[in-house]
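Notes follow once the structure below has been shown.
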Amino acid sequence: TRLAPGQPLELEAAAEAGDGVKRVTFVANGVVIGTATAAPYRLTWAEPAAGDVDLVARVVSKTGRGNESGRVRVRVDLPANALPVVTWRAPAHGAAVAPGSNLLFRAEARDPDGRVVAMELWRDGTNIALADGAMLGEAWPAETVGRHLFTAVAEDERGGRSTSEVLHIEVVGPTEAPEQESEKST
């Protein structure tokens, strides 16, 4: 069975008992996934796990006697996860700023087969900001003169991560106050 992400699996069991059926419990890999109490005994499994799944239906009669169906193995193949796409909105690649400036970083992401749950801003290999969702906005105080490398990382609901293109930002200008002229001795 091949399912798309989020696609439910419809299950149905035929059940009989001489004294009537009280319930049918559906079990996947030993874990109860739901119960039906009236014929037709059906269940919609909202989020089946990927991989080989052993399904069993357990029938309980109105007097409490139980019986279990034979095991049915199905393979649930979820398509590969398409990774989010990250786009920079600001600043411009190669921007030059003076020390002490605040520079606003904005990035957004979209996920072609799901949703973006988190974004991160990285400077020179260090994570400096986190945001929930598909939008990132963060002010950065430009303090250290030199070239800095920034990336934005997006993560989707299935754990897939992708990284933006690298932004090169140059902080130019003096970082220290000019030296004071020493007093002259007489």
Side-chain angles (χ1 to χ4, degrees), residues 1-90 105-123 125-138 150-166:
T1 301
R2 184 169 175 84
L3 301 173
Q7 181 181 351
L9 182 60
E10 301 294 330
L11 303 174
E12 184 172 342
E16 302 179 346
D19 54 351
V21 174
K22 181 175 182 179
R23 70 178 175 270
V24 174
T25 301
F26 294 90
V27 179
N29 290 342
V31 176
V32 173
I33 57 173
T35 300
T37 57
Y41 301 102
R42 293 183 182 149
L43 175 73
T44 300
W45 189 13
E47 295 185 30
D52 290 330
V53 179
D54 292 328
L55 297 171
V56 173
R58 294 181 182 153
V59 179
V60 175
S61 73
K62 290 187 179 190
T63 59
R65 289 182 286 161
N67 197 6
E68 190 170 280
S69 72
R71 180 183 72 173
V72 175
R73 178 168 280 191
V74 294
R75 175 145 185 91
V76 179
D77 289 328
L78 298 178
N81 186 18
L83 297 178
V85 177
V86 183
T87 305
W88 283 109
R89 296 296 178 212
F105 285 85
R106 289 185 334 165
E108 58 187 48
R110 64 177 176 73
D111 187 14
D113 66 348
R115 63 185 175 85
V116 175
V117 296
M119 292 190 67
E120 303 168 354
L121 177 62
W122 290 74
R123 183 197 77 228
T126 301
N127 186 327
I128 61 171
L130 301 170
D132 291 332
M135 299 289 292
L136 174 73
E138 184 71 23
F150 290 85
T151 56
V153 176
E155 183 174 344
D156 68 17
E157 82 283 5
R158 291 173 62 190
R161 294 170 59 90
S162 62
T163 303
S164 70
E165 66 180 270
V166 177

[Y] and [X], any side-chain heavy atoms less than 4.5 Å apart:
X	Y	answer
Phe26	Leu55	no
Val60	Thr25	no
Glu68	Val27	no
Val53	Leu9	no

If you take all heavy atoms of [X] and [Y], which pair is closest and at what distance?
X	Y	answer
Glu155	Pro84	C-CG, 4.3 Å
Ala13	Val24	CB-CG1, 4.1 Å
Asp113	Ala82	OD2-N, 2.9 Å
Leu136	Glu120	CD2-O, 3.9 Å
Trp122	Asn127	CE3-N, 3.2 Å

Could you tell me the separation between the [atom1] atom of [X] and the [atom2] atom of [Y], rounded to the nearest 0.5 Å?
X	Y	atom1	atom2	result
Thr44	Glu12	OG1	CD	10.5 Å
Asn67	Glu16	CG	CD	11.5 Å
Arg23	Arg58	CZ	CZ	10.5 Å
Arg123	Thr151	CZ	OG1	11.5 Å
Glu157	Asn81	CD	CG	6.5 Å

Salt bridge (Lys or Arg N to Asp or Glu O under 4.0 Å) evaluation trace for Asp111 with Arg158: CA-CA 11 Å; Asp111 187 14; Arg158 291 173 62 190; over 6 Å; no

Any donor-acceptor N/O pair, Asn29 side chain to Asp54 backbone, under 3.5 Å: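 Indeed, once roles are kept as given, a pair shorter than 3.5 Å links the two residues.
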
Backbone of Glu165 reached by a side-chain donor or acceptor of Trp88 within 3.5 Å: yes

Step-by-step side chain to side chain contact (heavy atoms under 4.5 Å, CB included) determination, Phe150 to Leu121: CA-CA 7 Å; Phe150 290 85; Leu121 177 62; 4.2 Å; yes

Sole residue of Val153, Val86, Asp132 in side chain to side chain contact (heavy atoms under 4.5 Å, CB included) with Met119: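 Going through the options one by one, the only one that passes is Val86.
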
